[in-house]
Amino acid sequence: MQKCPLLIFIVFFLCNSNVSAQMGRTNDDALNEAVIKIKGMLVQHYKPRMVVQNRSPRVNGQFVPVKFDSCNLKWKLVAHSGGLSYTVQQSLDLADLDSNPPLVLMSEMPRTDRWHFELRTLNEERKVKGEWIVTNGSKIIDSRQYWSSRTTFEADSQEVAQQIADQVVSIIKQCSQRRAL
């Protein structure tokens with residue numbers, strides 16, 4: 001009699017485990033699809049406002065994905081002002097980030113089209129690589145590299161910012177699990 005529950009469990013497990021593999025999909029495929037979805041949402045909804053010089057008003061910038069491969073992300077924010085181009089480039093491994101859900105907050109009150117959330121590294125370690133580049137045409141005028149323990153993403157509505165934050169947290173968890181294996 002004790003073999004029957006075990007047999008039922010085995011049959012249930014075999015029938016219901018790894019549905020994505022049965023459909024010809026792997027966990028890597030699902031992860032890559034989620035990363036591509038995030039990239040598309042950021043391109044469409046992330047319209048950064050950047051400080052380009054001390055005490056100057058912010059200028060509109062553009063989010064440009066450079067590398068969105070699995071757990072490793074690289075992007076840049078680009079703005080133009082006074083004939084100069086200002087670029088902030090960042091890269092990180094999502095497995096280095098804290099998977100606690102971030103708060104989605106209004107960025108510029110009372111405007112309702114600017115919402116952001118901040119992602120932090122585990123133990124506040126400086127694992128987010130950044131570079132600030134100022135160019136005049138093709139000539140680099142200023143370039144500084146830095147390491148940070150956090151990064152921020154924005155969206156043009158609270159709902160979309162929350163969707164992006166939730167998706168990113170899900171991907172962070174998957175990347176952390178992959179690293180642990």
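Tested against Asp96 for a side chain to side chain contact (heavy atoms under 4.5 Å, CB included), the candidates Arg126, Lys127, Arg120 yield a single pass: Lys127.
Ser99 and Val169 get closest at one heavy-atom pair: O-CG1, 3.1 Å. Residue Ala79 comes nearest to Met50 through the heavy atom pair CB-SD, 3.7 Å, listed as atom of the first residue, atom of the second, then distance. The nearest pair of heavy atoms linking Trp132 to Val51 is CH2-O, 3.6 Å. Listed here is the closest heavy atom pair of Tyr146 and Gln90: OH-NE2, 3.4 Å.
Atom OG1 of Thr151 is separated from atom CG of Leu97 by 8.5 Å, given to the nearest 0.5 angstrom. Residue His116 holds its NE2 atom at 10.0 Å from OH of Tyr46, rounded to the nearest 0.5 Å. Atom CG of Leu105 is separated from atom CH2 of Trp115 by 8.0 Å, given to the nearest 0.5 angstrom. Atoms CZ and CG, from Phe153 and Leu77 in turn, are 8.5 Å apart once rounded to the nearest 0.5 Å. One distance of note links OG of Ser148 with NZ of Lys129; it measures 14.0 Å at 0.5 Å rounding.
Screening residues 70-181 for disulfide bond (SG atoms under 2.5 Å apart), with sequence neighbours left out, gives Cys71-Cys175. Counting only residues at least two apart or on different chains, the salt bridge (Lys or Arg N to Asp or Glu O under 4.0 Å) pairs with a member in residues 146-172 are Arg114-Glu154, Glu118-Arg150, Glu124-Arg150. Identified under the disulfide bond (SG atoms under 2.5 Å apart) test for residues 114-157, with sequence neighbours left out: none. Every pair passing side-chain hydrogen bond (donor to acceptor under 3.5 Å, both in side chains) that includes a residue from residues 68-84 is listed here, sequence neighbours excluded: Ser70-Arg178, His80-Ser85.
Not counting sequence neighbours, the partners of Ile141 by the side-chain contact (heavy atoms from CB on, under 4.5 Å) test are Leu84, Val134, Asn136. Shown here are the side-chain contact (heavy atoms from CB on, under 4.5 Å) partners of Ala155, two or more places apart in sequence or in another chain: His45, Val160, Ala161, Ile164.
Contact check for Asp98 versus Leu119: no side-chain heavy atoms found under the 4.5 Å cut-off.
Salt-bridge check for Asp113 with Lys47: failed, with every basic side-chain N at 4.0 Å or more from each acidic carboxylate O.
Shown here is Leu122, whose CG atom has more than 12 heavy atoms of other residues, nucleotides or ligands within 6.0 Å.
Looking at Ser149 and Glu125, their side chains never bring a donor and an acceptor atom within 3.5 Å of each other.
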